[in-house]
Amino acid sequence: MSAVLGKETIDLYNTSDTRGTSRSYGMNYQKTGKELMSQDELAVMDGAKCILQVRGVRPFFSDKYDITKHPRYKELSDYDKANEFHIEEYLKHRLKVKETDTFDLYSVTEEDISTL
């Protein structure tokens, strides 16, 4: 995840103080890249926060949404396991026509439609 978040440029200032027979001071300035969030920062992230990644938008830090407060929460399988969607059962119940089924067949042409 830290690779997905990317890096930022930071400025580093280092100072040095050398003590001896003659004292000397030095300052070093450099630009470097730092991960926006390292693995250890992600591991200890606040449980009420999340990082959202939406297509076309850079990842962003956000508060988590409590789904139990949503008005339609009772329709979720988290609320009631009876609300789970089973693709296998759905595919079994597709419309199937048997040879013994009777139905009316209508033939409609463009001319019929234009007269409506």
Per-pair distances, 0.1 Å, donor-acceptor, side chain in residues 100-107, under 3.5 Å, sequence neighbours excluded:
from, atom 1, to, atom 2, distance (Å)
D101, OD2, K98, N, 3.0

Problem - Test side chain to side chain donor-acceptor pair (under 3.5 Å) applied to S77 - qualifying residues, sequence neighbours left out - result: none

Fill in the blank from the handout: residues 76-88 vs salt bridge (Lys or Arg N to Asp or Glu O under 4.0 Å), sequence neighbours excluded, gives K81-E84

Exercise for the section: Please indicate whether F85 has more than 12 foreign heavy atoms, meaning atoms of other residues, nucleotides or ligands, lying under 6.0 Å from its CZ. Expected result: yes

Fill in the blank from the handout: Applied to residues 63-75, the salt bridge (Lys or Arg N to Asp or Glu O under 4.0 Å) test, sequence neighbours excluded, yields K49-D63, D66-K69, R72-E75

Problem - Connected via hydrophobic side-chain network under 4.5 Å: M27 and Y25 - result: no

Handout entry: Those residues that, when tested against Q30, pass side-chain contact (heavy atoms from CB on, under 4.5 Å) (two or more places apart)
Key = L12, N14, N28

Exercise for the section: Taking side-chain contact (heavy atoms from CB on, under 4.5 Å) as the test, write out the residues that go with S22, two or more places apart. Expected result: none

Completion exercise
So salt bridge (Lys or Arg N to Asp or Glu O under 4.0 Å) across residues 11-25, not counting sequence neighbours, yields D11-K31, D17-R19, D17-R23

Exercise for the section: Hydrophobic side-chain clustering at under 4.5 Å (ILVMFWY, transitive links): who's grouped with I67? Put none if nobody. Expected result: Y65, Y73, L76, Y79

Exercise for the section: Report the residues that fulfil side-chain contact (heavy atoms from CB on, under 4.5 Å) with T115, sequence neighbours left out, ordered by chain and then residue number. Expected result: none

Handout entry: Partners passing ring pair (Phe, Tyr, Trp, His ring centres under 6.0 Å) against Y13 (at least two apart in sequence or in another chain)
Key = Y29

Fill in the blank from the handout: Hits for side-chain contact (heavy atoms from CB on, under 4.5 Å) against I113, two or more places apart or cross-chain, chain-then-number order -> V108

